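Here the structure is laid out as structure tokens; the discussion comes afterwards.
Just so you know, these numbers come straight off a predicted model, no measurement behind them. A, B, ... follow the sequence lines: proteins, then strands. Residue 1 opens every chain.
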Protein chains: 2
Amino acid sequence: MAVAANRKTRVVGGKVAADRVKASESPETAIYNKIHRAIAERRLLPGSRLIEDQLAEVFGVSRMRIRWVLQSLARDKVVTLHRNRGACVAEPTVKEAKEVFAARRLIEGALAREVVRATDDKALKRLKAHIKKEVASEKSHDRAMELRTSHEFHTLLAEIVGNSVVVDFLRELMARSALITAIFERPDISVCSHFTHSRLIELIEKRDEQGLVDAMLGHLDEIESYLTLYEKEDQPVDIKTIFSGL
Amino acid sequence: MAVAANRKTRVVGGKVAADRVKASESPETAIYNKIHRAIAERRLLPGSRLIEDQLAEVFGVSRMRIRWVLQSLARDKVVTLHRNRGACVAEPTVKEAKEVFAARRLIEGALAREVVRATDDKALKRLKAHIKKEVASEKSHDRAMELRTSHEFHTLLAEIVGNSVVVDFLRELMARSALITAIFERPDISVCSHFTHSRLIELIEKRDEQGLVDAMLGHLDEIESYLTLYEKEDQPVDIKTIFSGL
DNA sequence: CTTGCACAAATTGTTAACAATATGAGCAGT
DNA sequence: ACTGCTCATATTGTTAACAATTTGTGCAAG
């Protein structure tokens with residue numbers, strides 16, 4: 001995430017301030033997260049314009065702050081910026097969605113091998129603890145939280161391998177996946193992913209490297225198959241036929 | 001790259017303007033590239049302070065522009081930003097360098113398989129044409145250009161696979177590699193990489209998937225071995241001993 | 001010789017006003 | 001109806017002045 005997150009923990013009279021849990025967030029990151037979440041949860045629909053003045057007023061900050069945040073969101077492909085025409089919530093194309101999933105297969109597939117090598121008892125505990133979180137999320141029937149928790153599992157695998165460069169890539173891919181899922185999700189299917197994730201953990205425990213790789217790739221295929229990723233066939237008929245006639 | 005690069009090609013009286021080759025660069029990207037290049041070519045050494053006013057004057061733009069560019073450079077890990085204390089040229093640690101190369105092995109190793117599948121005649125031509133560029137760069141004895149061209153080869157492989165998400169990741173990794181190489185390069189060795197790259201192309205031509213993967217991993221190990229990546233052992237002796245004494 | 005303090009200088013962070021640009025409505029001409 | 005035009009409006013882009021912060025220096029006290 002481009003927005004710096006390094007405001008010091010605020011201490012008041014010897015006691016940590018009330019917003020301690022969010023203490024590591026600069027105002028910029030806080031706004032970044034709010035907008036990002038609003039988009040991922042589809043309260044802000046793809047294509048919606050994001051007007052600086054409005055956001056500035058809503059969040060009670062100056063326009064430059066908003067500008068800054070929008071830049072960050074744009075770099076993470078969550079909004080698109082048009083010179084002199086402002087920002088819109090990104091509208092990922094089908095092509096883009098497929099590329100993101102292809103990239104995930106590439107990276108997470110390769111990562112799977114490393115995970116087997118890197119997982120120790122402590123890591124296993126973290127993984128199993130995370131499954132509990134996923135179960136709780138699914139029970140709550142809060143789709144947004146479900147998705148977040150589920151994505152965190154994938155980032156967690158990268159964290160276990162311990163390469164922060166890869167972790168950053170994974171985070172970025174998860175953020176984009178969240179947006180893509182929000183947009184292309186089929187309303188008729190609801191994935192029960194904690195089960196699949198448990199299966200992955202079993203394979204890690206068994207040190208079944210190839211099995212884990214295959215299961216991971218299968219898992220990603222499964223997720224992708226739950227989306228409606230077909231190109232829209234609305235040909236630009238009128239103009240095209242005219243031009244092909246020439 | 002976070003800085004938008006989308007100024008329209010300027011047309012003057014029916015003829016494309018003289019700066020056509022750079023027409024796609026906004027003033028921000030131009031400055032971004034200049035600073036980035038100065039760092040990669042070690043004209044700006046790691047740790048050097050980058051003072052907004054100075055840069056603004058040098059490039060003849062306002063401070064806000066510089067601020068914007070510094071933000072982009074920071075996100076690409078080429079400079080580090082300290083709240084209220086300005087920007088410095090990044091000083092990649094040995095740990096960071098190793099992580100970047102580990103990430104490269106992960107991604108480029110996995111990419112190698114895809115490359116074999118994705119390479120057609122046209123792609124082969126591009127690859128071979130690029131080797132010529134590398135040869136020319138090496139002849140010129142311009143170390144900076146040599147490095148650039150060499151890195152472009154790796155990005156080119158990603159381009160051939162055709163996944164723009166992966167291409168972006170690779171570009172980022174190459175930029176960081178360039179900086180890392182610039183900093184940790186051993187002055188006594190000069191890599192003659194076009195030969196190794198030619199070997200990779202041969203393997204692609206032979207459709208030797210596993211061979212290519214192995215060769216690529218070996219290549220990356222080789223590059224890394226040409227750097228002086230040992231942790232500096234200058235223990236914080238004084239303080240540490242005092243504390244361990246307690 | 002070190003520590004602590006106050007103050008000055010350099011630098012970054014923020015704001016509000018202004019300039020430039022794009023968008024859409026209205027309206028005339030065909 | 002459709003095109004082309006002008007102008008008002010909304011919105012973004014830029015600037016310059018101001019506020020806040022950090023850093024370094026000098027000086028006095030221990």
Side-chain angles (χ1 to χ4, degrees), chain A residues 1-11 23-32 35 44-45 47-75 78-91 238-239 242, chain B residues 1-12 23-32 35 44 47-75 78-91 238-239 242:
Chain A
M1 184 174 324
V3 175
N6 49 7
R7 187 174 46 144
K8 300 244 172 60
T9 301
R10 189 170 43 163
V11 176
S24 63
E25 283 185 352
S26 71
E28 278 91 354
T29 32
I31 296 172
Y32 176 100
I35 297 178
L44 272 173
L45 293 176
S48 307
R49 285 202 59 192
L50 299 171
I51 288 161
E52 298 179 357
D53 268 327
Q54 294 177 5
L55 292 170
E57 201 188 337
V58 167
F59 292 110
V61 298
S62 75
R63 253 181 65 215
M64 286 308 284
R65 282 267 176 70
I66 296 296
R67 215 145 215 285
W68 212 250
V69 171
L70 288 177
Q71 189 73 14
S72 288
L73 288 164
R75 110 149 173 71
V78 173
V79 313
T80 53
L81 252 40
H82 300 278
R83 173 107 181 164
N84 283 325
R85 291 200 282 134
C88 297
V89 177
E91 307 183 81
D238 299 352
I239 304 168
I242 287 171
Chain B
M1 185 175 326
V3 175
N6 49 7
R7 189 174 45 144
K8 298 243 173 59
T9 302
R10 189 169 45 163
V11 176
V12 177
S24 62
E25 282 186 352
S26 70
E28 278 91 355
T29 32
I31 297 172
Y32 175 100
I35 298 178
L44 271 173
S48 308
R49 285 203 60 191
L50 300 170
I51 288 161
E52 298 179 358
D53 269 326
Q54 294 177 5
L55 292 170
E57 200 188 339
V58 167
F59 293 110
V61 298
S62 74
R63 252 181 67 215
M64 285 309 282
R65 282 267 174 71
I66 296 296
R67 214 145 215 285
W68 212 249
V69 171
L70 288 176
Q71 189 73 14
S72 288
L73 288 164
R75 110 149 172 73
V78 174
V79 313
T80 53
L81 253 40
H82 300 278
R83 173 108 180 164
N84 283 324
R85 292 201 281 137
C88 296
V89 176
E91 307 183 82
D238 299 353
I239 304 168
I242 287 173

Looking only at heavy atoms, the pair that brings B:E52 and B:L70 closest together is CG-CD1, 4.1 Å

For B:D53 and B:R63 the tightest heavy-atom approach is OD1-CD, 3.3 Å

Residues 84-91 of chain B, side-chain donor-acceptor partners within the protein, below 3.5 Å, at least two apart:
none

B/S/- along nucleotides 12-18 of chain C (protein heavy atoms under 4.0 Å) is BBSB---

Report the C-alpha separation of B:F59 and B:V69 in whole Å, then their side-chain angles, then the decisive distance to 0.1 Å, and conclude whether the side chain to side chain contact (heavy atoms under 4.5 Å, CB included) test is met. CA-CA 12 Å; B:F59 293 110; B:V69 171; over 6 Å; no

Result for side chain to side chain contact (heavy atoms under 4.5 Å, CB included) between A:L50 and one of A:L81, A:L55, A:T80 points to A:L55

